[in-house]
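Have a look at the structure below, then the notes.
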Amino acid sequence: GAGVSQTPSNKVTEKGKYVELRCDPISGHTALYWYRQSLGQGPEFLIYFQGTGAADDSGLPNDRFFAVRPEGSVSTLKIQRTERGDSAVYLCASSLKRGANTGELFFGEGSRLTVL
Amino acid sequence: AQSVAQPEDQVNVAEGNPLTVKCTYSVSGNPYLFWYVQYPNRGLQFLLKYITGDNLVKGSYGFEAEFNKSQTSFHLKKPSALVSDSALYFCAVRPAGGTSYGKLTFGQGTILTVHP
């Protein structure tokens with residue numbers, strides 16, 4: 001597709017379970033980002049990939065959160081032992097490297113995670 | 001650390017009237033500043049950016065924003081509002097330079113409602 005694709009669009013899980021959220025960036029975009037948006041708040045940075053490597057993971061809240069991008073395209077955000085406080089919309093964005101340098105990010109519609 | 005403040009949770013304006021959505025920021029050094037818009041059930045969309053140069057920047061859909069360094073502000077404006085401009089607007093900042101490419105700090109957002 002033409003835009004950033006995120007699956008699932010909605011995920012309901014129980015406290016303590018493991019969750020994976022997938023992001024398929026725009027073709028040719030080398031930079032990929034994960035953000036988290038809680039209700040009534042702006043997006044908060046989690047992690048940034050340039051190619052296959054995590055260039056900046058300073059926004060990951062704790063070691064229950066992990067993200068991979070093994071082939072430099074699709075990325076998976078993994079959350080272990082989910083907690084109710086993890087409930088949020090997880091946003092993925094991508095950009096060309098040049099766009100990354102100037103902040104022009106292309107966002108997907110997000111994956112809404114609800115932890116019961 | 002950088003921060004963004006959007007002092008108004010909501011802005012209401014009549015169609016055809018000018019609109020302003022306010023944003024102030026705090027960042028070390030020079031800023032890169034951005035406005036994004038979020039329509040219902042859609043991903044965040046880039047509107048405009050200030051990187052350097054002219055303090056008045058123009059973006060998509062007739063929007064513009066004015067960078068004021070002394071007041072650390074980057075207010076979004078449009079001379080004549082449309083009902084279709086109704087959406088959630090986010091201001092964002094990152095420090096110029098460095099390697100924190102896509103690591104934007106967002107404000108909490110302002111709901112703009114344009115009445116017919």
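Only this structure's heavy atoms are used, side chains among them; waters, hydrogens and symmetry mates stay out. Per chain, numbering begins at 1; letters A, B, ... match sequence-line order. Predicted model only: the values in this text are computed from it and were never measured.
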Looking only at side-chain N and O atoms, does B:Ser73 offer a donor or acceptor that is under 3.5 Å from a partner on B:Tyr25?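 No.
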
Is it true that B:Lys103 and A:Ser58 share a donor-acceptor pair across their side chains at a distance under 3.5 Å?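 Yes.
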
Residue B:Asn41 versus chain A: region with a heavy atom under 4.5 Å: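 The backbone, not the side chain.
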
Checking heavy atoms, do the side chain of B:Gln6, its backbone, both or neither come under 4.5 Å from chain A?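 No part of it gets close to chain A.
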
Shared ILVMFWY cluster between A:Phe49 and A:Phe45, side chains joined below 4.5 angstrom?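 A:Phe49 and A:Phe45: separate clusters.
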
Heavy-atom proximity to chain B below 4.5 Å, by part of [X]:
| X | value |
| --- | --- |
| A:Phe106 | neither |
| A:Gln37 | side chain |
| A:Leu91 | side chain |

Check: A:Cys92 and A:Leu32 side chains under 4.5 Å, non-hydrogen atoms: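 Yes, at least one pair of side-chain atoms sits under 4.5 Å.
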
Parallel, tilted or perpendicular: which describes the rings of B:Tyr61 and B:Tyr39, with under 30° parallel and over 60° perpendicular?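 Perpendicular.
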
